[in-house]
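Read the structure below first, then the notes.
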Number of protein chains: 2
Amino acid sequence: MNLLEKLHSEVASLSKSERKVADVILADPHGAIHKSIATLAQLADVSEPTVNRFCRTLGAKGYPDFKLQLAQSLVKGTPFVNRHVEQDDSIEDFTGKIFESTMAALNVTRKHIDIETLEQAIEALSQAKKISFFGLGASASVAHDAQNKFLRFDTPVMFSDDVLMQRMAAINSGPGDVIVFISHTGRTKALCEIAAIARQTKAKVLGITAFPSPLADECEMVLSTQVPEDTDVYMPMASRIAQLVLIDVLITGYTLRRGPDFRDKLRLIKESLRDSRFGKVDGV
Amino acid sequence: MNLLEKLHSEVASLSKSERKVADVILADPHGAIHKSIATLAQLADVSEPTVNRFCRTLGAKGYPDFKLQLAQSLVKGTPFVNRHVEQDDSIEDFTGKIFESTMAALNVTRKHIDIETLEQAIEALSQAKKISFFGLGASASVAHDAQNKFLRFDTPVMFSDDVLMQRMAAINSGPGDVIVFISHTGRTKALCEIAAIARQTKAKVLGITAFPSPLADECEMVLSTQVPEDTDVYMPMASRIAQLVLIDVLITGYTLRRGPDFRDKLRLIKESLRDSRFGKVDGV
DNA sequence: ATTATTTTTGTAATTTAATTACATTTATTG
DNA sequence: CAATAAATGTAATTAAATTACAAAAATAAT
């Protein structure tokens with residue numbers, strides 16, 4: 001709870017003089033942060049120590065600290081809150097909510113990311129003989145995207161959103177191969193079975209999925225993207241974005257691990273794409 | 001521009017002693033807001049007036065005002081800064097940078113989003129006889145994802161990452177159809193040509209792409225996702241995320257526009273997927 | 001109702017912090 | 001290598017915040 005909210009909720013329990021101070025501040029919080037304790041005391045018609053005590057009552061160390069906290073609580077935005085879309089939202093409303101929820105999801109994912117697993121995953125990828133990305137439904141496009149990124153390197157990479165193909169590929173994998181399973185829920189039966197098969201071949205199995213979940217159990221390494229989401233009515237949105245950003249992180253780690261000479265190759269690929277574009281070359 | 005950003009961008013133009021002050025603050029901005037001018041001067045090994053002058057250089061009224069502004073710019077946890085990944089970054093470092101850059105990109109996109117175009121686009125989609133999503137390379141997976149989302153409704157939807165297929169589909173489109181072109185650069189020649197063809201058929205052409213750009217010129221409606229990015233060495237990451245979130249916004253608008261009875265259908269689809277999963281049903 | 005006790009508030013003194021004026025040093029240029 | 005301008009520091013001044021204590025108000029108990 002920030003200071004301003006606290007102030008609102010505690011005015012009732014303040015003493016008479018302290019409430020006078022609170023009133024002056026609440027009337028113009030933005031102005032208050034530039035007032036000295038003397039000015040504020042005068043405006044509230046109380047003594048300076050009263051203002052000081054008031055600050056301490058609100059949990060601040062003193063008047064300057066109080067102003068600091070007040071200033072911080074006045075910063076507008078209150079972003080990163082996962083608010084649900086309502087039927088009568090205006091376009092601005094739900095657009096803002098979606099962007100904010102997505103950012104909130106990214107924030108949560110970043111905070112809970114397991115660096116150790118990430119390190120293992122990057123290590124495994126950079127030493128892989130072959131890399132595969134498997135996903136179904138909405139997660140298929142995430143897997144597709146991952147393949148697209150890794151296609152720029154010289155390690156063989158495949159992607160599939162077909163259960164039979166995935167099963168066959170899993171059976172034919174072996175030590176040194178990395179198979180990445182992508183799933184929002186981690187509960188898709190077909191994918192769990194395939195992950196189990198893949199593990200028996202001693203291939204490295206990485207899950208980008210919910211934890212805990214049946215799929216996570218089958219994986220050697222798990223990067224968790226569990227994000228609280230309103231999945232009842234709408235479809236997974238924010239969690240899929242989190243998955244994609246995780247893949248961005250993986251590929252960045254992979255690129256860095258492979259060293260600078262590798263980056264020259266990337267530049268070559270970019271140049272080879274130039275002819276298909278109008279002027280000013282850029283990424284795809 | 002908040003104080004912290006300003007500080008970052010102006011360190012270069014500061015004098016030697018002032019830069020020492022800046023360094024101390026940048027090393028621990030959160031700590032700085034609780035230091036007195038004397039402590040800070042001591043840490044930076046400069047005199048107190050130097051700190052004071054430093055504050056004025058940054059546009060503050062004095063030291064207390066500077067602290068106030070600094071406190072405010074620290075509220076969001078210092079995200080939203082587009083910092084580049086460096087060769088010797090640790091995993092924590094570049095992970096943080098990627099997440100932050102992505103969030104920064106989303107923030108920029110949200111701010112610059114054209115609500116009017118968005119409204120037109122949602123209107124067009126909800127009345128479409130057929131919806132197509134076209135993209136190439138990395139943007140193909142974005143288009144793929146969009147198709148996946150719209151497949152849950154009763155409007156015919158297609159996706160293609162094949163230039164010939166796209167061309168044929170464009171020729172066979174007509175009034176009432178909506179074709180969405182997705183491209184990071186907006187400079188892919190093949191896609192521009194197809195967009196031009198599509199327009200001649202009187203189909204509604206929506207671009208999710210950079211503006212201004214050759215592709216944007218061919219589109220009736222453009223949702224811009226131009227994001228400053230380090231595209232020289234690595235591949236487009238943040239801008240693709242912005243495109244995906246825009247699609248989330250479009251589909252949310254579409255769903256809301258179609259009304260509550262429509263949402264029951266969504267629930268039916270979800271239930272039909274239940275059998276393919278272990279326990280606790282959820283989105284895909 | 002009145003006194004004792006606690007709580008609240010204010011006055012004045014003290015301490016701490018920030019700023020100003022001016023001197024000195026350091027860099028810059030002809 | 002002067003001469004000038006810019007940058008930095010010292011010391012004095014002013015402003016701000018806090019503390020200690022006393023007075024007043026409110027509450028409780030007899």
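A, B, ... follow the sequence lines: proteins, then strands. Residue 1 opens every chain.
Ionic pairing of B/Lys97 and B/Asp93 is not present here: no N-O contact between side-chain nitrogen and carboxylate oxygen is shorter than 4.0 angstrom.
Closest to the side chain of B/Ser15, out of C/dA18, D/dA17, D/dT8, is D/dT8. Looking at the side chain of A/Pro49, the nearest of the listed nucleotides D/dA20, D/dT8, C/dT8 is D/dA20. Comparing D/dT18, D/dT8, D/dG9 against the side chain of B/Glu18 picks out D/dT8 as the nearest.
Listed for the B/Thr225 side chain is no donor-acceptor partner under 3.5 Å among the backbone atoms of B/Gln243. A donor-acceptor pair is defined here as one N or O able to donate and one able to accept, closer than 3.5 Å; such a pair exists between the side chain of A/Asn148 and the backbone of B/Gly137. For the pair A/Glu48 (side chain) and A/Ala38 (backbone), a donor-acceptor distance under 3.5 Å is absent. Within the 3.5 Å criterion, the main-chain N or O of B/Arg53 finds a donor-acceptor partner in the side chain of B/Thr57. The main-chain N or O of B/Ile98 is found under 3.5 Å from a side-chain atom of B/Thr102 such that the two form a donor-acceptor pair. Although no hydrogens or angles enter the test, the distance criterion places no donor-acceptor pair under 3.5 Å between the side chain of A/Thr39 and the main chain of A/Lys35.
Helix bend of the helix from C/dA1-D/dT30 to C/dG30-D/dC1: the angle between its two end axes, each built from five pairs, comes to 20° after rounding to 10°.
One can place NZ of A/Lys35 at 18 Å from C1' of D/dA17, the figure rounded to the nearest angstrom. In this structure, CG of A/Asp65 is placed 14 Å from P of C/dA17, rounded to the nearest angstrom. A straight line from NZ of B/Lys67 to P of D/dA17 spans 11 Å, rounded to a whole angstrom. C/dA17 atom C1' lies 8 Å from atom CD of B/Glu48, rounded to whole Å. Going from atom NZ of B/Lys16 over to atom C1' of C/dT26 covers 7 Å, rounded to whole Å. To the nearest angstrom, C1' of D/dA15 lies 16 Å from OH of B/Tyr63. Per the geometry, CZ belonging to A/Phe66 stands 17 Å off C1' belonging to D/dA16, to the nearest Å. To the nearest angstrom, P of C/dT8 lies 12 Å from CZ of A/Arg19.
Side-chain nitrogen and oxygen atoms of A/Ser17 include at least one within less than 4.0 Å of the OP1 or OP2 phosphate oxygen of C/dT9.
Here the side chains of A/His184 and A/Arg240 are not in contact, with every heavy-atom distance at 4.5 Å or above.
A heavy atom lying under 4.0 Å from DNA chain D marks the following residues of residues 50-62 of chain A, by number: A/Asn52, A/Arg56, A/Gly62.
The heavy-atom pair separating A/Ala121 from A/Leu250 by the smallest distance is CB-CD2, 3.9 Å.
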